[in-house]
Novice: 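Handing you this structure, nothing more for now.
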Amino acid sequence: MTETPCEAPIISLKHVNHWFGSGESRKHALKDISLDIHPGQIIICTGPSGSGKTTLLTMLGGLRSCQDGSLTILGNELNGASKEQLAELRLNVGFIFQAHNLMMFLNARKNVRLSLELHDRYYDQDMDRLADEMLAKVGLADRVDYFPANLSGGQRQRVAIARALVAKPKILLGDEPTAALDKDSGRTVVNLMQEMAEKEKTTIIMVTHDNKILDVADRIIIVEDGMLATREQEEAFVARMRDSAH
Ligand SMILES: Nc1ncnc2c1ncn2[C@@H]1O[C@H](COP(=O)(O)OP(=O)(O)O)[C@@H](O)[C@H]1O
Ligand SMILES: [Mg+2]
């Protein structure tokens, strides 16, 4: 575990609440969450199913608006932000979801290229090469022209990871990114993410129940019933995990 850096946070939440629906069925999904995340940190988010992890993660990436409280990402206040501002912000964010969300009619290279095409800083003639290089890094050098239907579940997830990483996002969000992978490919993926955090100073926030990868985290946050556990509870959890690993 590293000390909290004194640098300004890249993501900061202050008293954030989020509700789904209205009337009788209104669900209070995030309750008074305050949290600072610093550049280059790897944060692992854990907690029971239905506790609000995915809701929090999508909010951190600008995929949903902030209804109540203050959410600043890369210096932009997102409470009251327009759709355009959210879209602009998302260019700095890479996502890896549980389900890979690949385009089934595009091969691996073209799926990864899509991420580059969103930006205006890449030349057309470089994009295939950059996509291939990233696919090679995730161990798919010999699969660049395969369509998702002809790849295994683990390979598809690695394409999704290459797509999330290729444009070197400042923030990388993963929702159980290793859940569909075997132990070795899971480790490869986590190592890649860690390398990004170190080399590119990418900030990584990952929802996971995979106890084998907790060691990469600078901090483990726990969401329970829409609330963030205290730092003391976090530390107790880490100590329990460490003990059970021996
Ligand atoms: N789009 C939605 N509409 C209504 N309720 C939702 C929606 N998304 C999530 N919820 C509810 O919000 C709570 C938190 O969900 P979620 O963030 O997906 O939890 P987790 O990722 O921890 O399993 C759950 O009770 C879930 O049913
Ligand atoms: Mg979830």
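The shown structure was predicted, so the numbers you read here are calculated from the model rather than taken from an experiment. One-based numbering along the sequence shown. First listed ligand is number 1; within each ligand, the first listed atom is number 1.
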Novice: Confirm or rule out an N/O/S atom of T54, from backbone or side chain, lying less than 2.8 Å from the Mg ion (ligand 2).
Specialist: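 Checking T54: at least one N, O or S atom is under 2.8 Å.
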Novice: Are the side chains of N92 and R90 in touch, meaning some heavy atoms are under 4.5 Å apart?
Specialist: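 No; the side chains remain at least 4.5 Å from each other.
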Novice: Closer than 4.0 angstrom, basic N to acidic O: yes or no for R109 and D132?
Specialist: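 Looking at R109 and D132, the cut-off is met.
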Novice: Quick one: side chains of residues 71-79, donor-acceptor pairs under 3.5 Å with protein atoms, not counting sequence neighbours, listed by atom name and distance.
Specialist:
from : atom 1 : to  : atom 2 : distance (Å)
N76  : ND2    : I73 : O      : 3.2
N76  : ND2    : L74 : O      : 3.4
E77  : OE1    : S70 : OG     : 2.7
E77  : OE2    : L71 : N      : 3.2
E77  : OE2    : N79 : N      : 2.9
N79  : ND2    : G69 : O      : 2.6

Novice: Tell me, which residues have any heavy atom less than 4.0 Å from some atom of ligand 1?
Specialist: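 The 4.0 Å shell around ligand 1 contains F20, K27, A29, P48, S49, G50, S51, G52, K53, T54, T55.
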Novice: Would you say the side chain of Q67 lies within less than 4.5 Å of the side chain of V16, judging by non-hydrogen atoms?
Specialist: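 Not in contact.
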Novice: Parallel, tilted or perpendicular for F95 and F97, by the 30°/60° rule?
Specialist: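 Ring orientation, 0 to 90° scale: parallel.
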Novice: Is it true that S25 and K27 share a donor-acceptor pair across their side chains at a distance under 3.5 Å?
Specialist: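 Distance-only check fails for K27 and S25.
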